[in-house]
There are 2 protein chains.
Amino acid sequence: MNDVAPALGVTVDVVAFTIRDRTLWVLLVERAGPPFEGGRALPGGFVRSRRDHRGRVHGEDLDEAALRELAEETGLRPGEGALARVHLEQFASYGAPARDPRMHVVSVAYLAFAPDLPDPRPGGDARTAGWVPVAAALDLAFDHDMIVTDALERIRSTLEYTPLATAFLGREFTIAELRAVYAAVWGEELPAADFHRKVLSVPGFVESSGAVTARGGARGGPRARLYRAGDARLLHPALLRPGRENAVRL
Amino acid sequence: MNDVAPALGVTVDVVAFTIRDRTLWVLLVERAGPPFEGGRALPGGFVRSRRDHRGRVHGEDLDEAALRELAEETGLRPGEGALARVHLEQFASYGAPARDPRMHVVSVAYLAFAPDLPDPRPGGDARTAGWVPVAAALDLAFDHDMIVTDALERIRSTLEYTPLATAFLGREFTIAELRAVYAAVWGEELPAADFHRKVLSVPGFVESSGAVTARGGARGGPRARLYRAGDARLLHPALLRPGRENAVRL
DNA sequence: TTAATAGTGTCTTTCAGACAATATTAT
DNA sequence: ATAATATTGTCTGAAAGACACTATTAA
């Protein structure tokens with residue numbers, strides 16, 4: 001092993017998704033300083049670490065850093081209110097030597113699944129942050145276009161195998177609301193009848209709360225039953241995206 | 001963003017798996033210096049990066065660093081011979097502040113799927129390296145026990161959804177050899193008849209080479225047909241581990 | 001000849017997907 | 001009343017898993 005450690009930078013970047021108007025939005029910030037000043041980027045920053053006068057390391061773990069960055073940008077406090085319900089998950093690291101013009105920086109990227117959070121407070125940070133539809137999240141700073149693309153593929157796959165779609169919803173939700181999450185993330189409508197039966201047949205995906213919605217749909221229809229997230233960590237059987245046969249070959 | 005970059009170390013660690021004697025082995029090195037001197041650890045080391053006299057960054061990407069480390073430890077050259085057939089894949093990063101007693105080090109961990117490589121040449125590096133059955137890969141330095149555990153779960157899952165089991169085999173292989181890979185990684189035997197039909201029914205998993213083995217099995221049996229890896233990147237439908245229903249709940 | 005192994009046949013159950021049908025509600 | 005929506009019913013075909021069966025080969 002080469003025991004000399006070059007001074008590299010380590011950042012965390014968070015790809016925070018939420019759902020508004022039946023589509024997927026991502027949280028972006030406007031950069032206040034160089035490089036890419038004025039450009040849009042993912043919320044993120046350097047992992048904090050320092051030594052005290054005895055030489056002992058005081059630093060944060062990667063998960064902590066990601067949660068801190070998300071809290072800073074949204075103006076919410078970690079573990080409080082809506083942020084307490086956000087699911088954070090590391091998904092990849094990026095370390096191309098030229099990805100940051102200042103120095104060699106390795107970025108650890110996180111996915112965040114957020115219920116509809118409030119718009120970030122404008123004066124909360126030097127940078128302004130805001131939610132943007134994923135289709136409009138282009139021409140980002142650094143290699144963040146690639147990170148968003150990878151994150152999108154990851155979240156689409158995650159919804160197939162885990163019950164984390166519920167992390168986009170409130171504590172109680174209807175099957176139709178859950179279906180809307182899948183439709184927004186996968187970018188296609190799903191057959192309502194089959195989705196309904198499928199969700200209820202997967203053990204631990206959702207559990208009934210016994211209640212129903214106060215009103216029917218905006219344009220009519222019966223009042224729907226309400227459910228809560230169940231205790232499953234994985235969906236078995238999985239809820240696979242339709243028509244993926246063509247994505248399989250080289 | 002906090003624009004000051006603390007000096008953190010960045011390493012890559014490689015969890016290289018191979019199959020011998022129908023079980024899974026992992027490549028470990030013996031540490032030549034502190035910390036954990038004399039202890040066993042995953043092959044790995046600091047990502048290289050330096051600035052020239054103009055201040056330009058010359059560094060390696062994470063994938064490059066992982067391949068370099070693996071080549072150094074095995075004594076093979078990257079892109080040459082058996083190493084050219086190794087599949088390398090990033091799977092997680094670890095950054096607990098105290099995971100390395102010297103300083104705050106973030107490690108990017110890679111999986112390697114290797115055909116049966118030769119034993120590392122003894123004098124190739126300051127450290128001695130060797131293959132160890134995964135069940136015996138305990139009490140490793142740093143947080144490498146956790147990394148191996150995570151890698152094991154990842155490779156088990158990867159075999160469900162990708163054709164990468166073929167990366168453990170030579171260019172041509174029999175269905176029974178492929179089944180032995182699955183059995184070694186999943187730690188359980190699979191029904192031969194169903195596995196056979198299943199593999200052949202997944203488009204692009206394997207393609208026939210037309211040939212058969214020179215001899216039948218050691219204790220009798222017909223000569224088996226030979227196959228090569230196909231062009232699929234994903235298995236559709238997937239080849240799921242049996243009896244996972246109980247792993248689903250909290 | 002015997003035992004082991006490759007490969008095929010067949011049956012049952014589960015699951016995915018298409019689509020019809022019914023019930024409830026907003027307008 | 002009408003249209004929209006939640007939920008249930010039914011059918012078809014794919015896929016998983018159990019297990020019997022045949023053919024081929026080493027010893």
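Chain letters run A, B, ... following the sequence lines, proteins first and then strands; every chain starts at 1.
A distance of 13.5 Å separates CD1 of A:Ile147 from CG of A:Leu152, quoted to the nearest 0.5 Å.
D:dT8 atom P lies 15 Å from atom CZ of A:Phe195, rounded to whole Å. Rounded to an integer number of Å, the gap from CZ of B:Phe173 to C1' of C:dA6 is 16 Å. Rounded to whole Å, the distance from CZ on B:Arg179 to P on C:dA4 is 15 Å. For the pair B:Leu200 CG and C:dG9 P, the interatomic distance rounds to 13 Å; values are reported in whole Å. Atom C1' of nucleotide D:dT8 and atom CD1 of A:Ile175 are separated by 14 Å, given to the nearest angstrom.
Taken residue by residue, residues 185-192 of chain A places no heavy atom nearer than 4.0 Å to DNA chain D.
Of the two residues contacting DNA chain D, namely B:Arg219 and B:Ala238, the nearest-nucleotide position lying further toward the 5' end is that of B:Ala238. If A:Ser201 and A:Ala218 are placed on DNA chain C by their nearest nucleotide, the residue sitting closer to the 5' end is A:Ser201.
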Measure all distances between protein nitrogen or oxygen atoms and nitrogen or oxygen atoms of nucleotides 19-21 of chain C, and list the pairs falling under 3.5 Å.
none

Between the protein and nucleotides 22-24 of chain D, are there any N/O to N/O pairs under 3.5 Å, and if so, what are the atom names and distances?
residue, atom, partner, partner atom, Å
D:dT24, O2, B:Pro222, N, 3.1

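Residues satisfying the ring-ring contact (aromatic ring centres under 6.0 Å, His included) criterion with A:Tyr161, sequence neighbours excluded, are B:Tyr161. In this view, A:Val199 and A:Ile175, A:Leu178, A:Phe195, A:Phe205, A:Val206, A:Leu239 satisfy the side-chain contact (heavy atoms from CB on, under 4.5 Å) rule, not counting sequence neighbours.
Checking the phosphate oxygens (OP1, OP2) of D:dT7, a side-chain nitrogen or oxygen of A:His196 falls inside 4.0 Å. At least one side-chain nitrogen or oxygen of B:Arg215 sits closer than 4.0 Å to the OP1 or OP2 atom of D:dA27.
There is a side-chain donor-acceptor pair under 3.5 Å between A:Tyr94 and A:Asp150.
Salt bridge absent: A:Glu188 and A:Arg244 never bring a charged side-chain N and a carboxylate O closer than 4.0 Å. Salt-bridge annotation for A:Arg40 and A:Glu30: absent, with no side-chain N of the basic residue lying under 4.0 Å from a carboxylate O of the acidic one. In summary, B:Asp116 and B:Arg20 engage in a salt bridge, as defined by a charged side-chain N under 4.0 Å from a carboxylate O.
Taking 4.5 Å as the limit, some side-chain heavy atom of A:Ser209 sits within range of a side-chain heavy atom of A:Arg228.
In this structure, B:Ala214 reaches neither bases nor backbone, as no heavy-atom distance under 4.0 Å exists between it and the strands shown.
Using cut-offs of 30° and 60° for the angle between ring planes, the A:Tyr182 and A:Trp186 rings count as perpendicular.
Of the candidates B:Asp63, B:Leu42, B:Asp13, B:Asp63 is the only one forming a side-chain contact (heavy atoms from CB on, under 4.5 Å) with B:Tyr110.
Listed nucleotides: C:dA26, D:dT7, C:dG7. Nearest to the side chain of A:Arg225: D:dT7.
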Sequence neighbours excluded and cut-off under 3.5 Å, please list the side-chain donor-acceptor pairs for residues 83-92 of chain B, or say none.
residue, atom, partner, partner atom, Å
B:Arg85, NH1, B:Leu169, O, 3.1
B:Arg85, NH2, B:Leu169, O, 2.6
B:His87, NE2, B:Glu89, OE1, 2.8

